Amino acid sequence: QVQLVESGGGLVQAGGSLRLSCAASGRTFSRYIMGWFRQAPGKGREFVAVINWSGGGIYYGDSVKGRFTISRDNAKNTVYLQMNSLKPEDTAVYYCAADPNYTDFAAGSLVDYWGQGTQVTVSS
């Protein structure tokens with residue numbers, strides 16, 4: 001069982017930056033694939049980024065490539081999402097996710113654990 005708690009969301013102007021954090025409970029954090037998804041009002045869930053157990057296997061959604069960076073600190077049971085050059089279209093609730101398996105993680109439908117979400121609002 002893994003519990004995920006996101007933090008770091010807020011209101012920022014276009015072009016600004018935010019760093020999201022996701023703290024995970026449990027002693028087996030390093031065994032989980034970690035990632036981020038987001039959901040904007042009236043839209044479906046969108047894959048943002050994934051990172052494997054050792055910090056490799058990093059993959060981003062097309063809309064955030066080159067602007068967002070995912071990282072993890074297994075000693076702190078935490079995964080991060082550094083978001084730069086934010087755009088109004090990045091406005092969404094951002095969810096942290098965890099699963100033991102890398103395969104199909106980006107699809108989201110098979111992910112076992114989700115956080116409660118943190119709101120990110122980018123003003124123009």
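All values reported here derive from a predicted model rather than from experimental measurement.
- When all heavy atoms of Ala24 and Val2 are compared, the pair lying nearest together is CB-CG1, 4.2 Å.
- Members clustered with Leu110: none, using a 4.5 Å side-chain heavy-atom cutoff among hydrophobic residues.
- Note that OG of Ser21 is 9.5 Å distant from CG of Leu81, once rounded to the nearest 0.5 Å.
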### Query
Does the pair Asp90 and Met83 meet the rule for a side chain to side chain contact (heavy atoms under 4.5 Å, CB included), with working shown?
CA-CA 9 Å; Asp90 293 318; Met83 305 186 295; over 6 Å; no

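- Within the structure, disulfide (SG to SG under 2.5 Å) pairs that include any residue of residues 57-118 comprise Cys22-Cys96 (at least two apart or interchain).
- Classification of Asp62 and Lys65 as a salt-bridged pair holds, one side-chain N sitting under 4.0 Å from a carboxylate O.
- Of all heavy-atom pairs between Ala14 and Ser124, the closest is CB-CA, 4.4 Å.
- For residues 29-81, no residue pair satisfies the disulfide (SG to SG under 2.5 Å) rule, not counting sequence neighbours.
- Sorted by first and then second residue, the side chain to side chain donor-acceptor pair (under 3.5 Å) pairs involving residues 46-61 (not counting sequence neighbours) are Arg38-Glu46, Glu46-Ser63, Asn52-Ser54.
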### Audit row: Val120, Val122, side chain to side chain contact (heavy atoms under 4.5 Å, CB included) steps and yes/no
CA-CA 7 Å; Val120 172; Val122 185; 4.2 Å; yes

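- Pairs engaging residues 11-20 under the side chain to side chain donor-acceptor pair (under 3.5 Å) rule: Ser17-Asn84 [sequence neighbours left out].
- Linking Ile, Leu, Val, Met, Phe, Trp and Tyr residues whenever their side-chain heavy atoms come within less than 4.5 Å leaves Leu86 and Val93 in two separate clusters.
- In this structure the side chain of Phe29 reaches within 4.5 angstrom of the side chain of Asn74, judged on heavy atoms.
- Rounded to the nearest 0.5 Å, atoms CG (Asn77) and CE (Met34) are 9.0 Å apart.
- Here CG of Leu18 is found 9.0 Å from OG1 of Thr118. Values are rounded to the nearest 0.5 Å.
- One N or O on the side chain of Asp99 and one on the backbone of Asn101 form a donor-acceptor pair closer than 3.5 Å.
- Of the possible donor and acceptor atoms, none in the side chain of Thr121 sits under 3.5 Å from a partner among the backbone N and O of Thr91.
- Between the CD1 atom of Ile33 and the OG1 atom of Thr103 there is a distance of 9.0 Å, given to the nearest 0.5 Å.
- Val79 and Tyr113 fall within the same hydrophobic cluster, where Ile, Leu, Val, Met, Phe, Trp and Tyr residues are linked whenever their side-chain heavy atoms come under 4.5 Å apart, directly or through other members.
- Put simply, Ile51 and Val111 are part of two different groups of oily side chains (I, L, V, M, F, W, Y) that touch within less than 4.5 Å, one to the next.
- Sorted by first then second residue, the ring-ring contact (aromatic ring centres under 6.0 Å, His included) pairs that include residues 74-108, not counting sequence neighbours, are Phe37-Phe105.
- At least one test fails for Arg72 against the ring of Tyr32: distance under 6.0 Å to the centre or angle within 45° of the axis.
- Of the possible donor and acceptor atoms, one in the side chain of Glu6 sits under 3.5 Å from a partner among the backbone N and O of Gln116.
- A single hydrophobic cluster is seen to contain both Val64 and Ile70, as judged by linkage of ILVMFWY side chains at heavy-atom distances under 4.5 Å, directly or through other members.
- Remark: Thr69 OG1 to Arg67 CZ distance equals 11.0 Å, nearest 0.5 Å.
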